[in-house]
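Everything numeric in this text was worked out from a predicted model, so none of it was measured. When reading the values below, keep in mind they use all heavy atoms of this one structure, side chains included, and skip hydrogens, waters and symmetry mates.
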Amino acid sequence: MDDALMFEQLSLNTKTVNAWTLQEAVDGAARAGLGAIGPWRDRVEEVGLDRAAKIIGDAGLRVSTLCRGGFLTAIDDDGLDDNRRALDEAAALGAPELVMVMGGLPDRDLIGARARVEERLAQLVPYALERGVRIALEPLHPMFAADRAVISTLGQALAMAEPHPVEAVGVVVDTFHVWWDPDLQSLIRTAGERGRISSYQVCDWLVPMEADPLLSRGMMGDGVIDFGTIGRWVHDAGYRGDVEVEIFNAAVWATDGDQVIETMKQRYRDLVLPAPVG
């Protein structure tokens, strides 16, 4: 496959090159021949929304997703205003998907926290439809249920998405968070049949883990995840969107960004593409 086509669906999430500004990340992605970028809102905020849109547009890159919204579990703050702003930002950037991490526990009432997420998501759906941006629910590994995401499995995310129009709410398949699930193949198939796959994000699960589990995401091939199998399931489910690499790892962040991207491309070609995805 021609390199220009090989990497057209590869997207650089700005967290993977965390030391870079948005301009540097966009320039690096364009220099490497990638087709898309997945900015975090902090990078957008640093330069302003209009400037961010121009930087990305001038480089000829797509926006695969905007990260992130969510955190809808608080008792005293419904989070709706910030999420409406996030949807506005996604629309202005041309991002088809706003990735949402649902939030952790403000107390010991897990059932109540999940109920608040459902209620507040329903309030956001009309706004998302008006903006033409889909809310992409991201389940996080169960170890993050207390502090980051009361939605832990793809099955839970699909159940939460189901009452809403498919163009309004989808789900994220992030290998780091879902690789362990014994029902993953059937859940990915179901997500595809329902048209709910919003984003496919890849990075590896490192062994041993870092002291901070949040920073235990590794470059594909440095851990235990079988990207070929999961990627084949995602492809067979009908997903043809971007493949976004999002890595939280101090060693990766300390590495030269261009080197990170070159390694990312090689691992994508050798480990992810044979699935195939595209």
Side-chain angles (χ1 to χ4, degrees), residues 8-72 74 77-103 120-121 123-138 148 168-170 172 174 198-199 201 214 241-249 252-258 260-261 264:
E8 175 61 22
Q9 287 177 266
L10 182 57
S11 177
L12 173 68
N13 185 287
T14 58
K15 274 297 178 185
T16 302
V17 285
N18 197 45
W20 273 0
T21 65
L22 179 66
Q23 182 74 66
E24 290 170 329
V26 167
D27 289 346
R31 204 163 44 240
L34 309 188
I37 192 159
W40 271 61
R41 293 176 68 198
D42 58 348
R43 290 291 175 262
V44 173
E45 184 178 3
E46 287 171 358
V47 298
L49 184 57
D50 291 343
R51 177 64 180 158
K54 186 175 189 311
I55 288 171
I56 297 169
D58 287 351
L61 296 176
R62 293 184 308 282
V63 178
S64 51
T65 67
L66 177 66
C67 289
R68 67 188 177 188
F71 294 89
L72 297 172
D77 178 7
D78 61 20
L80 295 176
D81 287 344
D82 183 64
N83 280 283
R84 291 187 185 105
R85 285 192 296 271
L87 287 163
D88 288 339
E89 292 164 14
L93 293 170
E97 316 283 347
L98 172 66
V99 173
M100 293 184 67
V101 173
M102 306 320 297
R120 292 164 182 176
L121 176 63
Q123 292 177 271
L124 287 170
V125 163
Y127 199 85
L129 287 168
E130 289 174 3
R131 297 302 180 274
V133 175
R134 184 156 64 164
I135 295 169
L137 306 179
E138 182 172 13
R148 292 183 181 274
V169 184
V172 178
D174 184 322
S198 288
S199 176
Q201 295 184 339
L214 185 65
D242 294 316
V243 180
E244 189 172 307
V245 179
E246 182 186 51
I247 299 175
F248 291 68
N249 183 286
V252 172
W253 290 347
T255 303
D256 174 74
D258 286 310
V260 170
I261 294 174
M264 186 178 91

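When the options Val252, Asp42, Ile247 are evaluated for a side chain to side chain contact (heavy atoms under 4.5 Å, CB included) with Lys15, the one that passes is Asp42. Looking at Ser64, Ser199, Ser198 one by one, the single match for side-chain hydrogen bond (donor to acceptor under 3.5 Å, both in side chains) with Glu97 turns out to be Ser198.
Arg85 contributes atom CZ, which lies 7.0 Å from atom CZ of Arg41 (distance to the nearest 0.5 angstrom). Atom CG of Leu80 sits about 7.0 Å away from atom CZ of Arg120, to the nearest 0.5 Å. Rounded to the nearest 0.5 angstrom, Ile261 CD1 and Asp256 CG are separated by 9.0 Å. Note that CG of Leu98 is 11.0 Å distant from CZ of Arg68, once rounded to the nearest 0.5 Å. Note: Met100 CE to Thr65 OG1 = 13.0 Å, rounded to the nearest 0.5 Å. Atoms OG1 and CD, from Thr21 and Glu46 in turn, are 7.5 Å apart once rounded to the nearest 0.5 Å.
In terms of modelled atom types and a separation under 3.5 Å, the side chain of Arg134 and the main chain of Leu129 share no donor-acceptor contact. Of the possible polar contacts, none joining the Asp242 side chain to the Leu10 backbone as a donor-acceptor pair under 3.5 Å is found. Checked by atom type and distance alone, the side chain of Arg43 pairs as donor or acceptor with a backbone atom of Trp20 at under 3.5 Å. Between the Arg62 side chain and the Glu8 main chain, a donor and an acceptor come within less than 3.5 Å of each other. Without hydrogens or angle criteria, Gln9 side chain to Gly241 main chain gives a donor-acceptor distance under 3.5 Å.
The shortest side-chain heavy-atom distance between Leu72 and Asp78 does not fall under the 4.5 Å cut-off. Annotation: side chain of Val245 is not in contact with side chain of Gln201 (no heavy-atom distance under 4.5 Å). For the pair Val17 and Glu24, the minimum side-chain heavy-atom distance is 4.5 Å or more.
A 6.0 Å sphere centred on CG of Asp50 holds no more than 12 heavy atoms belonging to other residues, nucleotides or ligands.
Counting all heavy atoms, side chain and backbone alike, Ala59 lies closest to Val26 at CB-CG1, 3.3 Å. What you find for Ala86 and Leu66 is that their closest heavy atoms are O-CD2, 3.6 Å. Of all heavy-atom pairs between Arg51 and Val47, the closest is CB-O, 3.3 Å. Across every non-hydrogen atom of Asp77 and Ala74, the tightest pair is O-CB, 3.3 Å. Nearest approach of Val63 to Ala95, heavy atoms of both residues: CG1-CB, 3.5 Å. Residues Leu12 and Ala25 come closest through the heavy atom pair CD2-O, 3.8 Å.
Of the N and O atoms on the side chains of Glu45 and Trp40, not one donor lies less than 3.5 Å from an acceptor on the other residue. Using a 3.5 Å distance cut-off with no hydrogens or angles, the side chains of Asn13 and Glu244 do pair a donor with an acceptor. In summary, the side chains of Tyr127 and Asp88 do present a donor paired with an acceptor at a separation below 3.5 Å, with no hydrogens or angles considered.
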Criterion side chain to side chain contact (heavy atoms under 4.5 Å, CB included) on Arg148 and Leu214, from CA distance to verdict: CA-CA 10 Å; Arg148 292 183 181 274; Leu214 185 65; 3.2 Å; yes
Dump the intermediate steps for side chain to side chain contact (heavy atoms under 4.5 Å, CB included) on Ile135 and Leu124, then the final yes or no. CA-CA 9 Å; Ile135 295 169; Leu124 287 170; 4.0 Å; yes
For a salt bridge (charged side-chain N to carboxylate O under 4.0 Å, His left out) check, start with the C-alpha distance between Arg31 and Asp27, then their side-chain angles and the critical distance, and finish with the verdict. CA-CA 6 Å; Arg31 204 163 44 240; Asp27 289 346; 5.3 Å; no
Side chain to side chain contact (heavy atoms under 4.5 Å, CB included) between Met102 and Leu137: does it pass, once the steps are laid out? CA-CA 7 Å; Met102 306 320 297; Leu137 306 179; 3.8 Å; yes
